[in-house]
Amino acid sequence: MTIRGIKGVKDILPDEVGRWQLIEAEARRLAEVYGFREIRVPIFETTELFARSIGASTDIVEKEMYTFQDRDGSSLTLRPEATAGAVRAYIEHNLSASPTSQKLYYFGPMFRHERPQAGRLRQFHQFGVESFGCAEPAADIEVLSLLWRFFSTLGLPDLTLEINSLGEAGDRPAYKEVLLEFLKKHEEKLCQNCLRRMATNPLRVLDCKVPECRAATEHAPKLTDHLSAAARGHFDAVLAGLRTLAIPFTLNPRLVRGLDYYTLTTFEITTTHLGAQNAVGAGGRYDGLVETLGGPKTPAVGFAVGLERTVLALPGAAVQTPSKLVYVASFGLQGQPAGQRVLYDLRAIGIQANTDNRAASLKSHLKQADRLGASLTVIIGDDEVAKDLVVVRDMTTKEQVEIPLSSAANGLRTRLNTA
RNA sequence: GUGGGUGUAGCUCAAGGGUUAGAGCGCCUGGCUGUGGCCCAGGAGGCUGCGGGUUCGAAACCCGUCACUCACCCCA
């Protein structure tokens, strides 16, 4: 039996890498335009970091982490998300004292042991940003603006921005009591799952997809009606900011996030082109996290984008056209080495040039040039070398001209610009 | 962790229990001795996922197993 890749861990093959590069380039460009700076943090950390930041009783920590023992017995974990690591680095390197490193962005693989399905893998990739040190709604708006612009610039179709406020740290426990009281009165209408959720995570009941549950909770007390004055004011300011920027949004009082560290603003961008896992990007504010992990009291807001899901939803037309290619078709005792020299010179001046070293006949060379999508093909056989010239064939017009062998690379460069 | 679907050529898929398992695309060769795409002719490529069972006979039916896939849960 041949060795196969791991379940839920995928290869990204050359034919699809173009879409990835397009998305990554746009993410990086926009993040820099918005004044974010890249940070590269490790893909594994101590297990405790994730347990403390994401929350010990969340699904991610309870059953989805790739955890293993180091040789000295300490427990390490492949990161299920990057915020924890970014916050750890922020604290460890005293970035709170840096005037220029408050806004960070990152790329990289994340790992969660889940059953794979459409848009969900065990190793997946995220692009994300973290904005530290600003408690003002302006920071939420800036981050949301970047996220929205990213997807709309890429041209993802049918986007919806859903937004909610979870309130300040104290608001949620108080609301949970009120909600539980309501749910208990309607227990008999809820599905098995929701009865279980009442014990584990009552807020999730509001997010249930079963129609009966939705109906039963339609008149449930809303979290946004139980916000403190400060939280309410913050939320209203964020919404006002979105209106100012003409970013469309939908209020979703049922929107709950699965990570414990979120406070105040939470949001999610979905598209209808994905299947059941329809969120392409999500995030929110996490004002308590830096302090929880032992740093100074520091407000923060950020998001993460699922790159696989972005690739899935990216319109086919968005892929970039490849740059112009010169194919070198050389054969024969004299032609072959001459061709190698031309290839070497073309590459030296930065022209994309290729050949097929297996091809022995002109026919097979031209066939390969065609498959590679070459704009021009240089034909160099013994006859050409004897006459000290090469034949340049335009692959679309089939027009052929002869140019001197000695200056072939430069001659091809000028021809390529007009081809 | 739970449930459904699917496993046949490199890819997409046919073959109602009955000869030697086929097609399209792709690949190779030739027509065209040094000129690609289109066309024509030919060719290579298969333990029908794996193991058992039923049957005169299994790619097909049954059991098991593995893989892939979709969904639940949850999340990007």
Side-chain angles (χ1 to χ4, degrees), chain A residues 1-2 4-8 10 13 15 54 57-64 79-83 107-128 147 151 191-194 196-197 200-201 204 207-210 255-259 262 266-271 274-284 302-313 327 329-332 335 356 358-384 391-400:
Chain A
M1 193 53 196
T2 52
R4 299 174 48 92
I6 299 163
K7 181 199 283 288
K10 284 204 176 178
L13 300 174
D15 282 349
I54 297 166
S57 65
T58 57
D59 275 22
I60 292 178
V61 171
E62 269 187 348
K63 49 193 192 193
E64 293 176 2
R79 63 182 184 193
E81 53 103 48
T83 298
F107 286 94
M110 310 295 159
F111 306 85
R112 293 182 199 171
H113 189 103
E114 302 186 90
R115 281 287 281 271
Q117 69 184 76
R120 196 175 68 183
L121 298 168
R122 289 186 174 177
Q123 174 175 330
F124 62 101
H125 297 78
Q126 289 185 332
F127 154 63
L147 181 61
F151 288 126
C191 69
Q192 284 300 315
N193 255 324
C194 282
R196 184 182 51 77
R197 286 186 183 114
T200 56
N201 191 350
R204 280 248 161 250
D207 211 24
C208 186
K209 284 158 195 154
V210 178
L255 179 67
V256 180
R257 317 254 64 249
L259 291 78
Y262 284 117
T266 56
F267 51 85
E268 190 169 286
I269 292 188
T270 58
T271 165
L274 277 183
Q277 310 304 320
N278 61 356
V280 282
F303 66 69
V305 165
L307 294 181
E308 277 81 0
R309 293 182 186 180
T310 306
V311 169
L312 279 175
Y327 184 92
S330 64
F331 48 95
D356 182 350
R358 299 167 307 178
S361 67
L362 178 56
K363 190 187 183 73
S364 54
H365 268 307
L366 281 169
K367 196 174 247 183
Q368 187 66 5
D370 190 42
R371 284 190 280 218
L372 291 171
S375 303
L376 298 177
T377 295
V378 212
I379 298 169
I380 311 172
D382 293 349
D383 298 354
E384 284 74 20
V391 173
V392 179
R393 179 179 177 86
D394 185 311
M395 293 303 280
T396 43
T397 65
K398 290 172 139 182
E399 191 190 342
Q400 296 194 169

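Letters A, B, ... are given to chains in the order of the sequence lines, protein chains preceding strands, and every chain is numbered from 1.
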*Examine the side chains of Arg120(A) and Gln277(A) and answer whether a donor and an acceptor come within less than 3.5 Å of each other.*
no
*Roughly how far apart, to the nearest Å, are rG10(B) and rG45(B) at atom P?*
11 Å
*Ion pair check, Glu114(A) and Lys63(A), cut-off under 4.0 Å*: no
_Counting the atoms with a prime plus P, OP1 and OP2 as sugar-phosphate, which does Arg112(A) contact under 4.0 Å by heavy atoms, base, sugar-phosphate, or nothing?_
base
Between the protein and nucleotides 37-39 of chain B, which nitrogen or oxygen pairs come in under 3.5 angstrom?
from    : atom 1 : to        : atom 2 : distance (Å)
rG37(B) : O4'    : Asp370(A) : OD2    : 3.0
rG37(B) : O6     : Lys398(A) : NZ     : 3.4

_Nucleic acid footprint by protein, nucleotides 44-50 of chain B - heavy-atom cut-off 4.0 Å, B for base, S for sugar-phosphate alone_ = -------
*Stacking between Phe124(A) and the base of rA76(B) (centre distance under 5.5 Å, interplanar angle under 30°)?*
yes
*With a non-hydrogen cut-off below 4.0 angstrom, is Gly128(A) in contact with a base, only sugar-phosphate, or nothing?*
nothing
*asked:* Looking at Ile6(A), I want to see if its CD1 is surrounded by more than 12 non-hydrogen atoms of other residues, nucleotides or ligands under 6.0 Å.
replied: no
*Heavy-atom side-chain contact between Ile379(A) and Leu362(A) under 4.5 Å*: yes
*Measure distances between side-chain N and O atoms of Glu114(A) and base N and O atoms of rG1(B), and say whether any donor-acceptor pair falls under 3.5 Å.*
no
*From the list rC27(B), rA76(B), rG34(B), which nucleotide is the closest neighbour of the side chain of Arg309(A)?*
rA76(B)
_Do Glu308(A) and His125(A) have side chains that approach each other closer than 4.5 Å (heavy atoms only, starting at C-beta)?_
yes
*Rounded to the nearest angstrom, tell me the gap between atom CZ in Arg371(A) and atom P in rG26(B).*
10 Å
*asked:* Considering every strand and a 4.0 Å limit on heavy-atom distances, what is the contact class for Leu121(A): base, sugar-phosphate, or nothing?
replied: base
*Is any side-chain heavy atom of Glu62(A) closer than 4.5 Å to a side-chain heavy atom of Ser57(A)?*
yes
_nucleotides 8-13 of chain B: protein proximity per nucleotide (B base, S sugar-phosphate only, - neither; heavy atom, under 4.0 Å)_ = ------
*Rounded to the nearest angstrom, tell me the gap between atom CG in Asn278(A) and atom P in rC73(B).*
12 Å
*In whole Å, what separates the C1' atom of rA60(B) from that of rG17(B)?*
7 Å
*asked:* In this structure, how many angstroms lie between the P atom of rU35(B) and the CD atom of Gln400(A), rounded?
replied: 10 Å
*asked:* At a heavy-atom distance below 4.0 Å, what parts of residues 372-380 of chain A sit against RNA chain B?
replied: Ile379(A)
*Within the structure shown, what part of the strands sits under 4.0 Å from Glu308(A) by heavy-atom distance: base, sugar-phosphate, or nothing?*
nothing
*For the pair made of CZ in Phe331(A) and P in rG36(B), what is the distance, rounded to whole Å?*
12 Å
*What's the CD-P distance between Gln368(A) and rU35(B), to the nearest Å?*
18 Å
*Would you kindly give the CD-to-C1' distance between Glu399(A) and rG36(B), to the nearest whole Å?*
17 Å
*To the nearest Å, give me how far apart CD1 (Ile54(A)) and P (rC74(B)) are.*
17 Å
_Where RNA chain B forms stems, i.e. three or more consecutive Watson-Crick or G-U pairs with both distances under 3.5 Å_ = B:1-7 with B:66-72, B:10-13 with B:22-25, B:27-31 with B:39-43, B:49-53 with B:61-65
*Show the numbers, then the answer: is there a salt bridge (charged side-chain N to carboxylate O under 4.0 Å, His left out) between Glu81(A) and Arg112(A)?*
CA-CA 9 Å; Glu81(A) 53 103 48; Arg112(A) 293 182 199 171; 6.0 Å; no
*For the pair made of CZ in Arg257(A) and C1' in rC74(B), what is the distance, rounded to whole Å?*
11 Å
*Between the side chain of His365(A) and the main-chain N/O of Ser330(A), is any donor-acceptor distance below 3.5 Å?*
yes
_Applying a 4.0 Å non-hydrogen cut-off, can you work out what Ala282(A) is touching in the nucleic acid: base, sugar-phosphate, or nothing?_
sugar-phosphate
*Counting distance only, does the side-chain N/O of Tyr327(A) pair as donor-acceptor with the main-chain N or O of Asp356(A) below 3.5 Å?*
yes
_Using modelled atom types and a 3.5 Å cut-off, is there a donor and acceptor pairing between side-chain atoms of Arg122(A) and backbone atoms of His113(A)?_
no
_Candidate nucleotides rG34(B), rC28(B), rG36(B), ranked by approach to the side chain of Leu362(A) - the nearest_ = rG34(B)
_Can you check the distance between rA76(B) and rU6(B), where both ends of the measurement are the P atom (answer in whole Å)?_
33 Å
_N/O donor-acceptor pair under 3.5 Å between Gln368(A) side chain and Ala359(A) backbone_ = no
Polar pairs (N or O, both sides) under 3.5 Å between protein and nucleotides 65-69 of chain B?
from    : atom 1 : to      : atom 2 : distance (Å)
rC68(B) : OP2    : Lys7(A) : NZ     : 3.0

*Give a yes/no answer on whether the side chain of Lys363(A) brings an N or O atom under 4.0 Å of OP1 or OP2 in rG36(B).*
yes
_Backbone of Gly335(A) reached by a side-chain donor or acceptor of Asp382(A) within 3.5 Å_ = yes
*Just call it for Glu62(A): base, sugar-phosphate, or nothing, with non-hydrogen atoms closer than 4.0 Å on any strand.*
nothing
*Choose from rG34(B), rC73(B), rA71(B) the nucleotide whose nearest atom is closest to any side-chain atom of Gln277(A).*
rC73(B)
*Hey, is the side chain of Arg120(A) pairing donor to acceptor with the base of rC73(B) inside 3.5 Å?*
yes
